[in-house]
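Notes for the one structure printed next.
Not measured: the values here are computed from a predicted model. Protein chains get the first letters and strands the later ones, always in sequence-line order, with residue 1 at the start of each.
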Amino acid sequence: MLTLKQIRENSEEVIRRLKVKNFDAEEIVGRILATDERRRAIQTETDSKQSELNRRSKEIGALFKEKKIDEANAAREAVARLKEEIKTLHNELHETEEKLNELLVTLPNVPHPSVPPGNSDEDNVIVREGGEIPGLPGEALPHWDLGKKHALIDFDLGNKLTGAGFPVFTGQGARLVRALISFFLDEAVRAGYREVLPPLMVNEASAYATGQLPDKEGQMYQLSTDPYYLIPTAEVPVTNIYRDVILDAEELPVKNTAYTPCFRREAGSYGKDVRGLNRVHQFDKVEIVQIQHPDRSYDTLEEMVKHVEGLVQKLELPYRIVQLCGGDLSFTSALTYDFEVYAAAQKKWLEVSSVSNFESYQANRMKLRFREKGSKKTRLAHTLNGSALALPRIIAALLENNQTPEGIRIPAALVPYTGFEMIS
RNA sequence: GGAGAAAUGGCAGAGUGGUCGAAUGCGGCGGUCUUGAAAACCGUUGUCCGCUUACCGGCGGACCGGGGGUUCGAAUCCCUCUUUCUCCGCCA
């Protein structure tokens, strides 16, 4: 969430920039400022009363020690009312703090000044394109047909075992999944990321810290037996490693990578673009996460984009990088680049990665700070993450684009991992 | 799942109702000594909030696993939750 300082000192700017996200913050910001003022007034009063009580308690203790029992008892009665007042103020303070927090979490992150205005993905800006779109013959098959033809992906079986959106990979298909995971992890480790294998379920505090709660509660699978959520992305556990942590500035940037399955309910998205692997409830993804000094976080964002770009290039996929417009930007992000690859049989661009800078929005929620050498003050760090990469749509594009009369060609970079050059 | 024990600062560990944000040791930081380093010695060393301050800082409040309670006063007593350890059971 945004810091109170940010809102207090730049309220006009916050309101103005949130308009780029099509978010009208005017009223909420007003209420936040009023509630904050009230909170501080109550705290000042509580503190001074508490200070008095503390002082008197010490006096009473001293009186008892001097055996002045009557005086001590009189003093005890005298503080009774003070205690009542403090109790009332305390409750009020608590309520006000809670209310303030409830208001704060409804404010999305402020977009970076470079974010273009817009309402939907149609207003996103193409930053860069690369690779070549293959010319396929008219009878080219979409990946769901290829998956069936070569016994790589079984959607019906997944439906039997679990339900729609839980595909089963088989044979060379399963092997391709494993190869991609290993390839992506190796590339990340080569780029200096530490490999992490986190839990696939997280508690409420973790889901809250990265912003899944309360904003996207309906998108996560929740257990009914324990208060845990199935992770929608490795971002959640991996970023939360640093919840309530104070780092030394020299430790930055902190770079972690993790492969995990991801679980998403995808409530509200049906019909459009959900065929085959285009949208599923469980999928595999390698995520890269960085914690960086605020002065350098945008350089880091570029570095991460470059990393992801290197991956799609090695996979020889036609791609484009788009900067999300305000309306398409997620609740917690300040700036996001999406990667899309072209699936030549479907003739569709498929989103395979999302690389974002959250600035201090997540860090503030999870109290992730760092300290400059020699300084006593702590500052909020910046958090960033990106998919590197999400598998299903990569597989869709690989299968579709590389189909030949002899079978499906595996890009050279992947062959050491698959152990075969051709699916046939 | 059952029984017992425990949770204190970066770490180890003392503290069982007041003068305790907390002894001591280690670690960290600054210094003395040294050509340099080590050792030794001296000093310093948590976080958050509020008020104040041009700045250094000052004052007040909170925090000894989380939440609640008893008391004029709680690290210390009580309740509750969580976690860890030991034993038993189950188990890949």
Could you measure between the two [atom1] atoms, the one in [N] and the one in [M], and give it in whole Å?
{"N": "B:rG61", "M": "B:rG73", "atom1": "P", "answer": "15 Å"}
{"N": "B:rC33", "M": "B:rA40", "atom1": "C1'", "answer": "9 Å"}
{"N": "B:rG46", "M": "B:rG27", "atom1": "C1'", "answer": "14 Å"}
{"N": "B:rG57", "M": "B:rU83", "atom1": "P", "answer": "41 Å"}
{"N": "B:rU84", "M": "B:rG66", "atom1": "C1'", "answer": "15 Å"}
{"N": "B:rC59", "M": "B:rC41", "atom1": "C1'", "answer": "35 Å"}
{"N": "B:rG21", "M": "B:rA62", "atom1": "C1'", "answer": "11 Å"}
{"N": "B:rU8", "M": "B:rA23", "atom1": "P", "answer": "16 Å"}

ask   = Knowing that exactly one of A:Glu95, A:Glu97, A:Glu92 qualifies, which makes a salt bridge (Lys or Arg N to Asp or Glu O under 4.0 Å) with A:Arg38?
value = A:Glu92
Name the pairing partner of [N], where a pair is Watson-Crick or G-U wobble with both distances under 3.5 Å, or state none.
{"N": "B:rA39", "result": "none"}
{"N": "B:rG10", "result": "B:rC26"}
{"N": "B:rC63", "result": "B:rG46"}

task = For A:Asn124 and A:Asp338, test the side chains for any donor-to-acceptor distance below 3.5 angstrom and give the result as yes or no.
result = no
task = State, without any angle test, whether A:Glu77 and A:Asn73 hold a side-chain donor-acceptor pair at a distance under 3.5 Å.
result = no
When we call it a touch if two heavy atoms are under 4.0 Å apart, what does [X] touch: a base, just sugar-phosphate, or nothing?
{"X": "A:Gln43", "result": "base"}
{"X": "A:Ser48", "result": "nothing"}
{"X": "A:Arg55", "result": "nothing"}
{"X": "A:Arg369", "result": "sugar-phosphate"}
{"X": "A:Arg56", "result": "nothing"}
{"X": "A:Asn73", "result": "nothing"}

query = What pairs meet the side-chain hydrogen bond (donor to acceptor under 3.5 Å, both in side chains) rule with one or both residues in residues 304-314 of chain A, with sequence neighbours excluded?
reply = A:Arg128-A:Glu309, A:Glu187-A:Lys314, A:Glu309-A:Tyr319, A:Gln313-A:Tyr319
ask   = Would A:Arg16 and A:Glu12 satisfy salt bridge (charged side-chain N to carboxylate O under 4.0 Å, His left out), going step by step from the backbone distance to the final call?
value = CA-CA 6 Å; A:Arg16 186 171 51 74; A:Glu12 290 308 314; over 6 Å; no
Chain A footprint on RNA chain B, 5' to 3' - any atom under 4.0 Å from a heavy atom = B:rG18 to B:rG73
request  = For A:Arg39 and for A:His90, locate the closest nucleotide of RNA chain B by heavy-atom distance; then report the residue assigned to the nucleotide nearer the 5' terminus.
outcome  = A:Arg39
task = Over 60° means perpendicular and under 30° means parallel, so classify the ring planes of A:Phe370 and A:His293, tilted if in between.
result = tilted
query = Would the number of heavy atoms belonging to other residues, nucleotides or ligands and lying under 6.0 Å from CZ of A:Arg81 be above 12?
reply = no
task = Heavy atoms only: give me the nearest A:Leu329-A:Pro111 pair and the separation to one decimal.
result = CD2-CB, 3.9 Å
